[in-house]
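By convention in this document, chain letters (A, B, ...) are assigned in the order of the sequence lines, proteins followed by strands, and residues within each chain are numbered from 1.
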Amino acid sequence: MKRKILPQKFFTRPALQVARDLLGKFLIREFPSPGGVDAPRGRGGLKQIALMITEVEAYDGPRDKASHASRGETRRNAIMFGAGGYFYVYLCYGMYEMLNIVTGAKDYPAAILLRSAIINFPLIRGVDCRRGRTGCVTDNMVLDGPGKLTRFLKIDHSFNKKPADKSTSLWFEDRGVKIPDKMIRRAPRIGVAYAGPIWSKKKYRFFLTKT
DNA sequence: ACGATGATGAAC
DNA sequence: TTCATCATCGTA
């Protein structure tokens, strides 16, 4: 199976396009592997966790009232105003780290929030699919929610502003999974009622559905 | 339905 | 310097 690290070029495109294309791609997290009985699955004493992305949300441009960028550049959201391909990580509700990947060109603030993923790919095998709380496809390893995802992968604000490549120990791969449009659903984003009737209803949430 | 929990940004 | 808010989650 081919494994191609998604280059920066993948992310320097419009947010909605990147969001759709991230479904079925893999988020790879690399950890140092302590020596001992447990043989490292990766190379050179490193162990990798690969999650297939099943749900994302786009935050697109300075006019998007649901986006942190809608009120201009601040220290927190500065990375959103840079070029695509860098992580934007922030603390939400005092205890949950939200993982985003910045998209688009420099000076156009946009990012994709990674909401859900699965770890043993029932979608591919066609077994044991069920829906999680947000309507996204999950399986027994439920990473259904942005806070759960970062907690599982041990991602915190130290990843903020880092590039999505191997130097960060966190990157994306295309592992050859093709997701037909028929398997993708769009819906309003979650938890953005504050954005008002127009922007809170935009179908900027993308997720995989069964069949 | 609600409380935990702390950074953020806007007001003062 | 305060204070309301918040791209959530687990328990009820």
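With A:Asn100 contributing its side chain and A:Tyr88 its backbone, the two residues share a donor-acceptor pair below 3.5 Å.
For the salt bridge (charged side-chain N to carboxylate O under 4.0 Å, His left out) condition, the pairs that include at least one residue of residues 60-71 of chain A, sequence neighbours left out, are A:Asp64-A:Arg189. Among residue pairs with one or both ends in residues 190-203 of chain A, none qualify as side chain to side chain donor-acceptor pair (under 3.5 Å); sequence neighbours excluded. Counting only residues at least two apart or on different chains, the salt bridge (charged side-chain N to carboxylate O under 4.0 Å, His left out) pairs with a member in residues 4-19 of chain A are A:Arg13-A:Asp21.
Rounded to whole angstrom, the span from the OH atom of A:Tyr96 across to the P atom of C:dT5 amounts to 21 Å. Straight-line distance from the CE atom of A:Met95 to the C1' atom of C:dC6: 11 Å, rounded to whole Å. Between the CD atom of A:Glu55 and the P atom of C:dT8 there is a distance of 10 Å, given to the nearest Å. We find that OH of A:Tyr88 is positioned 9 Å from P of C:dA7, with the value rounded to whole Å. The distance from atom CZ of A:Arg151 to atom C1' of B:dT5 is 14 Å, rounded to the nearest whole Å. Rounded to whole Å, atom C1' of C:dT8 lies 19 Å from atom CZ of A:Phe152. The nearest whole Å value for the distance from the CE atom in A:Met80 to the P atom in C:dA7 is 11 Å. At whole-Å resolution of the value, CG in A:Asp156 and C1' in B:dA7 are 14 Å apart.
Residues passing the side chain to side chain contact (heavy atoms under 4.5 Å, CB included) test with A:Lys162 are A:Thr168, sequence neighbours excluded. Annotation: ring-ring contact (aromatic ring centres under 6.0 Å, His included) contacts of A:Tyr204 (sequence neighbours excluded): none. In this structure, the side chain to side chain contact (heavy atoms under 4.5 Å, CB included) partners of A:Pro146, at least two apart in sequence or on a different chain, are A:Met98, A:Leu113, A:Arg115. Residues meeting the salt bridge (Lys or Arg N to Asp or Glu O under 4.0 Å) test with A:Asp107, sequence neighbours left out: none. Qualifying side chain to side chain contact (heavy atoms under 4.5 Å, CB included) partners for A:Ser167, counting only residues two or more places apart in sequence or in other chains: A:Pro163, A:Asp165. Take A:Glu173 and apply the salt bridge (Lys or Arg N to Asp or Glu O under 4.0 Å) test, not counting sequence neighbours, and it matches A:Arg175.
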Below 3.5 Å between N/O atoms, which protein atoms pair up with nucleotides 9-12 of chain B? Just atom names and distances, please.
{"residue": "B:dG9", "atom": "OP1", "partner": "A:Thr74", "partner atom": "OG1", "Å": "2.5"}

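Here B:dG6 is the nucleotide among B:dT5, C:dA7, B:dG6 with the atom lying nearest to any side-chain atom of A:Leu91. Taking only side-chain atoms of A:Tyr93, from C-beta outward, the nucleotide of C:dA7, C:dT8, C:dG10 with the closest atom is C:dT8.
By the 4.0 Å N-to-carboxylate-O rule, A:Glu55 lies close enough to A:Arg205 to be salt-bridged with it.
As rounded to the nearest Å, C:dT2 and B:dT5 have P atoms that lie 22 Å from one another.
Secondary structure note: stems in DNA chain C built from 3 or more consecutive Watson-Crick or G-U wobble pairs under 3.5 Å occupy B:1-4 with C:8-11, B:6-11 with C:1-6.
Remark: A:Met98, A:Asn100 in residues 97-104 of chain A come within less than 4.0 Å of DNA chain C through at least one heavy atom.
Among the atoms of the strands shown, none is found under 4.0 Å from any heavy atom of A:His157.
For A:Tyr108 and A:Phe81, the ring centers are positioned 6.0 Å apart or more.
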